[in-house]
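Take a look at the structure set out below.
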Amino acid sequence: MAAHRSGPLKQQNKAHKGGRHRGRGSAQRDGKGRLAPKSLSKKVRKELSRVDQRHRASQLRKQKKEAVLAEKRQLGSKDGPPHQVLVVPLHDRISLPEALRLLQDRDAGTVCLNEWGSNHSFMLLCPGLKHRWFFTSAKPGDLHTVLDLAKVADSILFLLDPLEGWDSTGDYCLSCLFAQGLPTYTLAIQGISGLPPKKQIDARKKLSKVVEKRFPDDKLLLLDTQQEAGMLLRQLANQKQRHLAFRDRAYLFAHHADFVPNEENNLVGTLKISGYVRGQTMNVNSLLHIIGHGDFQMKQIDAPMDPFPLNPKVIKSQKDSGMAMEICATDSVTDMEEDLKVLMKADPDRQESLQTEVIPDPMEGEQTWPTEEELREANDLLKERSKVVKKVPKGTSSYQAEWILDEDGESDGEEDEDDDVENEDFMAEESPDESSEEEEEEECETMTIGESVRDDLYDEKVDEEAEEMMLEKYKQERLEEMFPDEVDTPRDVAARIRFQKYRGLKSFRTSPWDPKENLPQDYARIFQFQNFTNTRKRVFKEIKEKDVEGAEVGWYVTLHVSEVPVSVVEHFKRGAPLAAFSLLPHEQKMSVLNMVVSRHPGNTEPVKAKEELIFHCGFRRFRASPLFSQHTAGMHSLIATGHLLSVDPDRMVIKRVVLSGHPFKIFTKMAVVRYMFFNREDVLWFKPVELRTKWGRRGHIKEPLGTHGHMKCSFDGKLKSQDTVLMNLYKRVFPKWTYDPYVPEPVPWVNSEISTVLPEMDMK
């Protein structure tokens, strides 16, 4: 018996590697300090133990908590700004004077009154609570005043009706405040004590269900007695403050304003604004934005005496010796001028510039126009390239040759699918040989076909009256199924003139479009950031690391603002609030803002294109039109709310129009299309643009037929008679330069539909 022998393809198993296991410590010792390439490019982080990591995290939490508590304790204290509270009644049945009377707690401290026209405000100083409040008020119908006061208010006190909560005006006001950014708020009910005792509990339950929709998990307080007003004040003083991003800067609410006109022009002068510094330290070299009026420069900052100290000298009234209350008037400016001291003056070398636009150079990018000879040579070269050499049967006319496709395509004709099948069977029965190929070559000839072949006999076959009747019928049938951006080609204007700013794209998503191409003249005036996000991070990092010199938070100061129109102080004297925000570097420069918005559910009316709108964007309020200009007087309507997407002039907004035509005669892959154009020149002009149909076919124009706009088109498949041929044309649209920071107060509003507006896309 023969022994088994292994063949040449015997499997060879991989040998096992012996040796001890190498841990992390031995690997580090063998490495002798060498680091991986990724570790060399980054800082070596010190590894902390688990106990140290927990200790470090607890320290960070403690620091953040202490910072929040310090900011909260400073608000309303003797060293910080007064706690500013905005009182907003949300129903017509609420008595605002009665609510303000209850909040003026004479037993708790001192009340200092101040009147601006129809808006009442007062300062409440409570040494017992070690807190001071500044109360302002506004009715929901005065929407601009409510929104401006909410921009600077620390808390908002909403007054609710015990039966309905808020009416339509109050609901609209809440929508605008939520869209702008709602600070800390408190809900109070007025008038529930006037109901019968049995109905008070039911009223509070029903009201709680109504309030839950907008204010979930919020308690309802009462404001009918002096005791309830005291509890409300304690709630306002102890509640957590909400953070608004646009307040991360120095800002000031004016308690007093004075105007000193210039010697040359009485309409412009220096505006002196007095108030408490809030947010951050205010620097005199930075720019100042006054809400609704624009950007200005400051001359100097004065530091007068605080007119509302927390522990004032109390003078007892002669009429009522038991009343420990003093009514302080704000006319004590003359007494403060004696103790006035200049805190800081502007440095011209370090002061921010008011330049908002780039001064364009008309000679920049100048280029020579091509001569007539160069244009003629380019046109001749284009015609030579457009000529095609085809192999056609002998005796074929140039018109018939146009309907014959290339060798890689299928032959065109009026045969239907059944004829094609019969021809295929017939050709299958024949046996091809070499003689047939020679006969085919003898029967064929080559012909050079130009860009377009004009056949004068085509127009003789066209009935113009029938064409007009069919066109009207075609328009009526197409009205109900027309695309949203489908337009009719005008009969009195050539399509190449009407749509000369549009272009055709093979693919809207992938076709290239240079963002610097054919820009309007206004785009030479705007600033463009190479990387807006990085610039923003760098500016905030420099502000955080650098110690800013100026007026600290809580100081009572007077700002000298130069070159201010007299209309600003006139609005203030009529009762309009005056608030000023310090601007960050580059914040005054003009650029293109791209915004993402969503339509407000309360507004259902269509917004016309090119309509002028009013924008509330952060602390700014300005008038602009996204792509058009039309002044609308009267009341404003909240159209949409949203957020800023980017600051990028290169982001393109593309408008599309769709031209449509009807297939008149259909062959296998060719068709005669009409009603898209109405003259021969338009067909030649739009010949390079790709066609598509509603049923998904794609094609292009081969040539015009006659002089009435008929054209021969080829497609990638056979068309259906009910299909529609479409041509997409695109053009870039630009926002017009209509920015206007001056937005006056609207007309007073009574019970009807009201209006304001938040942004879409515009130029800042």
Side-chain angles (χ1 to χ4, degrees), residues 402-406 408-424 458 462 466-491 495-496 498-499 502-511 654-680 682-706 708-731:
E402 283 292 307
W403 292 91
I404 299 178
L405 292 179
D406 298 335
D408 55 349
E410 297 180 3
S411 61
D412 297 319
E414 299 185 4
E415 299 89 6
D416 55 8
E417 297 179 359
D418 297 335
D419 295 338
D420 294 339
V421 175
E422 293 177 1
N423 292 335
E424 290 177 2
Y458 187 85
V462 176
E467 282 281 311
E468 291 291 334
M469 295 176 60
M470 289 296 297
L471 177 61
E472 293 298 326
K473 183 179 180 181
Y474 175 66
K475 285 183 177 180
Q476 295 296 330
E477 293 176 351
R478 198 167 49 87
L479 282 177
E480 297 183 358
E481 49 184 342
M482 184 180 291
F483 282 9
D485 42 8
E486 189 174 346
V487 297
D488 291 327
T489 306
R491 300 293 301 272
R496 62 185 183 278
R498 168 62 179 84
F499 304 109
Y502 291 83
R503 65 177 68 180
L505 299 178
K506 185 174 182 62
S507 173
F508 177 74
R509 184 177 59 87
T510 60
S511 297
I654 308 299
K655 180 180 179 181
R656 182 183 73 171
V657 297
V658 179
L659 306 182
S660 60
H662 174 65
F664 179 43
K665 295 180 180 180
I666 300 176
F667 305 103
T668 306
K669 287 188 177 180
M670 303 286 285
V672 178
V673 180
R674 61 179 178 177
Y675 301 152
M676 182 176 288
F677 304 108
F678 299 100
N679 58 73
R680 183 183 186 84
D682 288 342
V683 178
L684 294 174
W685 180 268
F686 291 99
K687 186 178 179 181
V689 184
E690 187 184 31
L691 301 175
R692 67 181 182 90
T693 70
K694 291 185 177 181
W695 287 32
R697 296 296 184 192
R698 290 186 176 271
H700 59 277
I701 301 173
K702 295 290 289 185
E703 66 165 352
L705 299 176
H708 296 281
H710 291 203
M711 55 188 182
K712 182 170 62 177
C713 306
S714 63
F715 296 90
D716 58 355
K718 188 173 181 179
L719 266 67
K720 302 293 184 182
S721 60
Q722 63 269 31
D723 204 349
T724 304
V725 182
L726 305 174
M727 176 183 288
N728 292 341
L729 299 177
Y730 304 91
K731 77 170 181 178

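Small disclaimer: the values here were computed from a predicted structure and weren't measured.
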| task | Locate the shortest heavy-atom distance separating V683 from G709; write the atom from each residue and the value. | result | CG2-O, 3.8 Å
| field | H710 side, atom NE2; F678 side, atom CZ - distance, nearest 0.5 Å | value | 9.0 Å
| request: For residues C713 and L691, determine if any side-chain heavy atom of one lies less than 4.5 Å from a side-chain heavy atom of the other. | output: yes
| query | Roughly how far apart are I666 CD1 and F715 CZ, rounded to 0.5 Å? | reply | 9.0 Å
| field | Short side-chain to backbone donor-acceptor contact, D723 and T693, under 3.5 Å | value | no
| field | Taking every non-hydrogen atom, the tightest pair across G661 and T724 | value | O-CG2, 3.5 Å
| message | For R698, give me all partners under side-chain hydrogen bond (donor to acceptor under 3.5 Å, both in side chains), at least two apart in sequence or on another chain. | response | E690
| query | Which atom names give the shortest non-hydrogen contact between P663 and S721, and what distance separates them? | reply | CG-O, 4.2 Å
| query | Which residues pass the side-chain contact (heavy atoms from CB on, under 4.5 Å) test with K731, sequence neighbours left out? | reply | K501, Y502, K655, V733
| request: Working to the nearest 0.5 Å, report the span between CD of Q722 and NE2 of H662. | output: 10.0 Å
| Minimum heavy-atom distance between S511 and K506, given as atom pair plus value | OG-N, 3.6 Å
| Can you tell me how far the OH atom of Y730 sits from the CZ atom of R656, to the nearest 0.5 Å? | 5.5 Å
| query | Hey, what do you get for CZ (R674) to NZ (K665), rounding to the nearest 0.5 Å? | reply | 10.0 Å
| said: Using the rule given for side-chain contact (heavy atoms from CB on, under 4.5 Å), can you reason through R496 versus F677, listing the C-alpha separation, both sets of side-chain angles and the distance that settles it, and then say yes or no? | reply: CA-CA 10 Å; R496 62 185 183 278; F677 304 108; over 6 Å; no
| request: Would you please test L719 and V725 for side-chain contact (heavy atoms from CB on, under 4.5 Å) and show each step? | output: CA-CA 9 Å; L719 266 67; V725 182; 4.0 Å; yes
| query | Within a strict 4.5 Å, meaning less than it, do heavy atoms of the P490 and F499 side chains meet? | reply | yes
| field | Distance in Å, K687 NZ paired with H700 NE2, rounded so as to fall on 0.5 Å steps | value | 8.0 Å
| Within a strict 4.5 Å, meaning less than it, do heavy atoms of the K669 and D716 side chains meet? | no
| field | Sequence-distant partners of V689, side-chain contact (heavy atoms from CB on, under 4.5 Å), two or more places apart | value | F686, M727, L729
